[in-house]
Amino acid sequence: QVQLVESGGGLVQPGGSLGLACAASGFTFSRFVMSWYRQAPGKERELVAHITSSGGSTNYADSMKGRCTISRDNAKNMVYLQMNSLRPEDTAVYYCNARGRLWMKDVDYWGQGTQVIVSS
């Protein structure tokens with residue numbers, strides 16, 4: 001079955017760095033666009049970053065540009081998010097997302113999320 005398992009969340013001080021990882025299985029990872037989303041308490045889920053299937057193109061939310069990097073390793077079915085210069089407003093549950101097409105339909109797979117808390 002399809003699985004996306006995030007890891008790397010935790011408590012970090014403002015200005016610190018944190019790396020997240022997502023392990024994927026059960027689908028053809030190399031054909032899917034991978035993304036990181038986050039959801040803070042009382043707020044809507046928002047896109048943090050995405051990366052194309054080959055890893056050739058990336059995009060970031062304006063609030064995170066210059067502070068994070070998304071990458072993937074198709075040989076290992078892994079996608080990563082390296083975050084730097086973290087702020088308290090970055091506190092959220094971070095979710096790994098896979099998006100592709102099956103029978104001409106867009107499909108989305110989601111991980112369970114990993115908590116990131118930025119606090120002193």
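This one's a predicted model, so the numbers in the text were calculated from it and none came from an experiment. Each residue takes its place number in the sequence, starting with 1.
Counting heavy atoms from C-beta on, the side chains of Arg67 and Arg87 come closer than 4.5 Å. At least one side-chain heavy atom of Met64 sits less than 4.5 Å from a side-chain heavy atom of Asp90. At least one side-chain heavy atom of Ser119 sits under 4.5 Å from a side-chain heavy atom of Leu11. Between Met83 and Val12, the closest side-chain pair of non-hydrogen atoms is not below 4.5 Å. Counting only heavy atoms from C-beta outward, the side chains of Trp36 and Cys96 approach each other to under 4.5 Å.
The distance from atom OG of Ser53 to atom CE of Met34, rounded to the nearest 0.5 Å, is 11.0 Å. Rounded to the nearest 0.5 angstrom, Leu18 CG and Thr114 OG1 are separated by 8.0 Å. To the nearest 0.5 angstrom, Tyr94 atom OH is 12.0 Å from Gln39 atom CD. In this structure, the separation between OH on Tyr95 and CG on Leu20 is 13.0 Å, given to the nearest 0.5 Å. Taking OG from Ser35 and CZ from Arg99, the interatomic distance works out to 6.5 Å, rounded to the nearest 0.5 Å. Rounding to the nearest 0.5 angstrom, the gap separating the OG1 atom in Thr69 from the OH atom in Tyr80 is 14.0 Å.
Other residues, nucleotides and ligands contribute over 12 non-hydrogen atoms within 6.0 Å of the CZ atom of Arg101.
Under the rule for a ring-ring contact (aromatic ring centres under 6.0 Å, His included), the partners of Phe32 that lie at least two apart in sequence or sit in another chain are Phe27, Tyr109.
Among all heavy-atom pairs drawn from Arg72 and Phe29, the shortest one is NH2-O, 2.9 Å. Considering every non-hydrogen atom in both Thr52 and Val33, the closest pair reads CA-CG2, 4.4 Å. Taking each heavy atom of Ser30 and Asn74 in turn, the nearest pair found is CB-ND2, 3.8 Å. Closest heavy-atom contact between Ala92 and Gln115: O-OE1, 3.2 Å. Shown here for Ser17 and Ser85, the closest heavy-atom pair between the two residues is OG-N, 4.4 Å. When all heavy atoms of Gly113 and Val93 are compared, the pair lying nearest together is CA-CG1, 3.8 Å.
Under the 3.5 Å distance criterion, the side-chain polar atoms of Tyr60 are matched with a main-chain donor or acceptor of Ile70. A distance-only check finds a donor-acceptor pair linking the side chain of Glu6 to the backbone of Gln112 [under 3.5 Å]. Checking side-chain atoms of Thr58 against main-chain N and O of Ile51 turns up no donor-acceptor pair under 3.5 Å. In terms of modelled atom types and a separation under 3.5 Å, the side chain of Glu46 and the main chain of Arg38 share no donor-acceptor contact. Looking only at distances, no side-chain donor or acceptor of Asp108 sits under 3.5 Å from a matching main-chain atom of Asn97.
The same ILVMFWY cluster, assembled from side-chain heavy atoms under 4.5 Å apart, contains both Val79 and Val107. Residues Tyr37 and Leu81 fall into different hydrophobic clusters, defined by Ile, Leu, Val, Met, Phe, Trp and Tyr side chains chained together at heavy-atom separations under 4.5 Å.
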Apply salt bridge (Lys or Arg N to Asp or Glu O under 4.0 Å) to Lys65 and Asp62, showing your working. CA-CA 5 Å; Lys65 287 181 178 177; Asp62 287 341; 3.2 Å; yes
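Applying the disulfide bond (SG atoms under 2.5 Å apart) test to every pair with at least one member in residues 33-90, sequence neighbours left out, gives no pairs at all.
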